[in-house]
Amino acid sequence: MSKLIQVNGFAIFSPVHLSPGLWRHPDDRSLDFSTLDYWTDVAKILEAGKFDSIFIADGIGIHDVYAGTADAALNTGAQIPKLDPMLLVSAMAHVTEHLGLGVTAPVSYEPPFTLARRFSTLDHLSKGRIAWNIVTGYSNTASRAVGRDSIMAHDPRYDLADEFLDAVYALWEGSWDDEAVVVDPIRGVIADPSRIRKVHHHGAHFKIDAIHLVHPSLQRTPFLFQAGASNRGKDFAARHAEAVFLGEHSKAPTAANVAETRARARAFGRDGRDIRFYALLTVIVGETHAEAEAKYRDYQRYIDPKGSLALLSGWTGIDLSRYSLDDPFPTVKKDNAVTSMIDSFSRSERPWTIREIIEHNGIGGRGPVIVGSPTEVADQLQAWVAETDIDGFNLSYAVTPGGYQDFAELVVPELQRRGVYKTGYAKGTLREKIFGPGQARLPSSHPAARFRHHAAVEPQREPTSA
Ligand SMILES: Cc1cc2nc3c(=O)[nH]c(=O)nc-3n(C[C@H](O)[C@H](O)[C@H](O)COP(=O)(O)O)c2cc1C
């Protein structure tokens, strides 16, 4: 049987995600972003289209690199205002049964203990459908907002993230045994202290001496997303990630990243096939090619170049107000940046001008934009999977929720007809839906597994005789 293509809907809790200016399009509902009705509608549309998950981007920074101020971002709504997605997803869980719910949360601004508690809570409330997109943050503003002078250097951020993950794994995997929850009304016992352990984590950045506050959820550790693509980012993904989100423009660097990260996973004792890869892309589909082309041209008229420049400067750490739009995109390495994005702009055969990047990125961000009829789109999606070894797509949009809806109504049936898209959801947790029955929790090859019986986890009390 052909490999089934997986799909995530890519979103942000803000009026602008990756298509600045498109909120002005008459078909767009972005301005409803701060209502639960909008998000529960999105969740239902994605589930009707049998998407695997939604992936909500986040971060506590604001894009203030362009011209050295946040004015352009604030003017154009470029990912500001930005609300907290952790507070959103239980409403989406409540109106769906299968959709995975991926929330981005940085490791750089709070202790592991409080974050671990919130993810365990969400995993309970969603019946095991929560995913965590692990990010290290890339903005100086975010660091200053929480009392630091500037962001840590790029690679040490990942060292901190490794330590953060060891700490949350100890809480999720090691603190409570499955048998710890007793609930015996006759004896009046809820939990057995001899089955609950205090986690002692004393590292370079974090210190914990505490019991995890939440009893084991169905997945224990949430399903782990990651999207770093630098050299150090690939190592981090190879060690921890269950799904990696790529943001390349073309197939060759995507294929190279997939092959390299899968190979590196083996160096960490994992199977490279235990990581799913999703390429960022936007689909503009119509009943016919001409209809899709007309839609694309119409959407392009709404791109806001100023918003695009605010986003690009923020991501790359390069103040693009200092350049002419016809200059080639500068390749200056910054610590406060998504370094892999700068690499990908500089790697293409011909250097992109800033204007070309604005035009391309203005609809759905850095990934390719596929425009066509359902059969043309399906052909291209299959070609991407065949030529890059990815598992699926992280679907961005020009207008929301219309972009998801068009995909669900026009492209999904075509993919199903070809036998390359699921016709129903599998039972169980998100991890079981992605990796198969019996895989509710991380496999023993994953680094989290060693915390299941780690020496640093001591019983809260010696067992008592009943
Ligand atoms: C598809 C995609 C989505 C991302 N989403 C976020 C996000 O929501 N928040 C964030 O802080 N970084 C996000 N990033 C950035 C990465 O997670 C990562 O922090 C960044 O690429 C820097 O790491 P690198 O230099 O290893 O690539 C995203 C990257 C990609 C490709």
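Whatever order the structure lists ligands and atoms in, that order sets their numbers, starting from 1.
Tested against Val244, the residues Asp391, Ile390, Ile275 include a single side chain to side chain contact (heavy atoms under 4.5 Å, CB included) partner, Ile275. The only member of Tyr397, Phe10, Phe393 that meets ring pair (Phe, Tyr, Trp, His ring centres under 6.0 Å) when paired with Tyr404 is Tyr397.
Under the 4.0 angstrom criterion for non-hydrogen atoms, Tyr158 is in contact with ligand 1. No heavy atom of Leu280 sits closer than 4.0 Å to any atom of ligand 1. The closest approach between a heavy atom of His154 and any atom of ligand 1 is below 4.0 Å. Look at Tyr278 and you'll find every heavy atom at least 4.0 Å from all atoms of ligand 1.
Residues Thr136 and Val107 share a closest heavy-atom pair of CA-CG2, 4.1 Å. Pairing each heavy atom of Glu110 with each of Phe206, the nearest pair is O-CE2, 4.2 Å. Here the closest non-hydrogen pair linking Val285 and Ser373 is CG2-C, 3.9 Å.
Checked against a 3.5 angstrom limit, the closest N/O atoms of Tyr138 and ligand 1 fall outside it. Of the N or O atoms in Val135, none lie within a sub-3.5 Å distance of an N or O in ligand 1.
Using a 4.5 Å heavy-atom cutoff, the side chains of His63 and Ser313 are not in contact.
For atom 26 (O) of ligand 1, the candidate residues are Ala161, Ser230, Ala227; the nearest heavy-atom contact is made by Ser230. Between the choices Ile12, Asp58, Asp235, Ile56, the shortest heavy-atom distance to atom 7 (C) of ligand 1 belongs to Asp58.
The aromatic rings of Trp172 and Tyr169 lie tilted to each other, with the angle between the two planes from 30° to 60°.
Distances below 4.0 Å separate heavy atoms of Ala57 from the following atoms of ligand 1: 8 (O). Counting the atoms of ligand 1 from 1 in the order shown, those under 4.0 Å from a heavy atom of Phe10 are 3 (C). Using a 4.0 Å cut-off to heavy atoms of Thr104, the atoms of ligand 1 that qualify are 7 (C), 8 (O), 9 (N).
With values rounded to the nearest 0.5 angstrom, Ile62 atom CD1 is found 13.5 Å from Asn140 atom CG.
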